[in-house]
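Starting from 1, each residue takes its place in the sequence as its number.
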Amino acid sequence: MEGEPTRVMLAVNESTIKGYPHASISSKGAFEWTVDKIVRSNFSGFKLLFLHVQVPDEDGFEDMDSIYASPEDFKNLNNRNKAKGLHLLEYFVDKCHEIGIACEAWVKRGDAKEVICHEVKRTQPDLLVVGSRGLGPFQRVFVGTVSEFCVKHAECPVITIKRKACETPQDPVDD
């Protein structure tokens, strides 16, 4: 008797170098590692859960000048941002369908580390996989790291996948 598939959540984000709809180096690496090392050829034994967290701008106005914003502008901005997030997830969903792995994908808004841990608690995956930029201690102080937070606070096992050295941009904060 076959049991339920192993559910692996992958927290994915957009590239800071190319922007939407391009997946970040770390997200692509985490996805490829998961397929190559965990799923392997057991496609029916796994279900991948893709979560993209959109982080609101600190002032809440994103790329819009707040002086000229109308209520309709905010509605359009929210719809545009949601569409961008869905387009990013489409990359991973398409890859899963090409190779025959079941998947789900959704977008949430908020502080990435808090939202990821909340979604882990809500969906109860068997494993969380997150990409890591491999920042040094000095950079971590200013940028922070979502992966470290998730390792400490997520209510399931967490695997962090570092970028390959050959994929590291000139500025390691970029992804």
Side-chain angles (χ1 to χ4, degrees), residues 2-16 20-40 42-58 60 78 81-97 99-135 137 139-164 167 172-173 175:
E2 288 187 36
E4 293 291 314
T6 300
R7 299 171 66 240
V8 179
M9 180 182 283
L10 287 104
V12 297
N13 64 330
E14 77 278 2
S15 172
T16 57
Y20 283 118
H22 301 284
S24 70
I25 298 165
S26 299
S27 294
K28 282 183 182 178
F31 171 72
E32 291 166 3
W33 186 90
T34 300
V35 171
D36 291 345
K37 303 294 184 184
I38 295 178
V39 174
R40 299 178 184 244
N42 183 13
F43 303 131
S44 64
F46 289 88
K47 183 172 191 174
L48 302 184
L49 311 172
F50 295 99
L51 168 63
H52 170 56
V53 181
Q54 292 179 323
V55 180
D57 195 19
E58 288 179 15
N78 286 334
N81 283 342
K82 188 168 188 173
K84 287 178 179 179
L86 294 173
H87 195 66
L88 171 69
L89 290 172
E90 184 179 27
Y91 169 83
F92 294 103
V93 171
D94 286 348
K95 291 284 186 187
C96 285
H97 284 248
I99 57 180
I101 301 173
C103 67
E104 290 179 18
W106 65 100
V107 177
K108 292 286 184 176
R109 253 177 101 71
D111 180 336
K113 60 186 181 288
E114 297 287 341
V115 171
I116 292 168
C117 289
H118 177 267
E119 288 299 291
V120 163
K121 188 173 189 170
R122 184 181 71 81
T123 63
Q124 300 181 341
D126 298 299
L127 176 67
L128 171 64
V129 178
V130 292
S132 171
R133 294 177 286 180
L135 300 177
Q139 292 158 324
R140 282 196 305 257
V141 168
F142 293 103
V143 178
T145 113
V146 172
S147 57
E148 274 185 4
F149 186 91
C150 290
V151 165
K152 292 177 184 173
H153 297 91
E155 295 182 6
C156 72
V158 179
I159 295 178
T160 59
I161 308 300
K162 291 183 182 178
R163 290 188 298 214
K164 296 174 185 165
E167 294 177 329
V173 174
D175 194 20

Where do S26 and S132 land on the side chain to side chain contact (heavy atoms under 4.5 Å, CB included) test, with the steps shown first? CA-CA 6 Å; S26 299; S132 171; 5.9 Å; no
Would you compute the distance between atom [atom1] of [X] and atom [atom2] of [Y] and round it to the nearest 0.5 angstrom?
X    : Y    : atom1 : atom2 : value
D94  : E90  : CG    : CD    : 5.0 Å
E14  : S24  : CD    : OG    : 8.0 Å
R7   : L128 : CZ    : CG    : 12.0 Å
K108 : I116 : NZ    : CD1   : 13.0 Å

Closest approach of [X] and [Y], non-hydrogen atoms and distance?
X    : Y    : result
G85  : V107 : C-CG2, 3.8 Å
T160 : S147 : CG2-CB, 3.6 Å
A11  : S27  : O-OG, 4.2 Å
I101 : F46  : CG2-O, 4.0 Å
R109 : V53  : C-CG1, 4.4 Å
M9   : T123 : CE-OG1, 3.2 Å

Determine the interplanar angle of the F31 and F92 rings, folded into 0 to 90°, and report it as parallel if under 30°, tilted if 30 to 60°, perpendicular if over 60°.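 Judged by the thresholds at 30° and 60°, the geometry between F31 and F92 is perpendicular.
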Just to verify, what does K37 make a salt bridge (Lys or Arg N to Asp or Glu O under 4.0 Å) with, not counting sequence neighbours?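 Result, salt bridge (Lys or Arg N to Asp or Glu O under 4.0 Å) vs K37: none returned.
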T6 versus D126, side-chain donor and acceptor atoms under 3.5 Å: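 No pair is found: no donor N or O on one side chain lies under 3.5 Å from an acceptor on the other.
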Taking side-chain hydrogen bond (donor to acceptor under 3.5 Å, both in side chains) as the test, write out the residues that go with K113, two or more places apart.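 Applying side-chain hydrogen bond (donor to acceptor under 3.5 Å, both in side chains) to K113 gives D111.
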Not counting sequence neighbours, which residues clear side-chain hydrogen bond (donor to acceptor under 3.5 Å, both in side chains) with K28? List them please.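 Counting only residues at least two positions away or on another chain, K28 forms no side-chain hydrogen bond (donor to acceptor under 3.5 Å, both in side chains).
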V146 side chain reached by N13 side chain, heavy atoms, under 4.5 Å: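 N13 vs V146: side chains apart.
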Within a strict 4.5 Å, meaning less than it, do heavy atoms of the F149 and E114 side chains meet?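 Of all side-chain heavy-atom pairs linking E114 with F149, at least one is under 4.5 Å.
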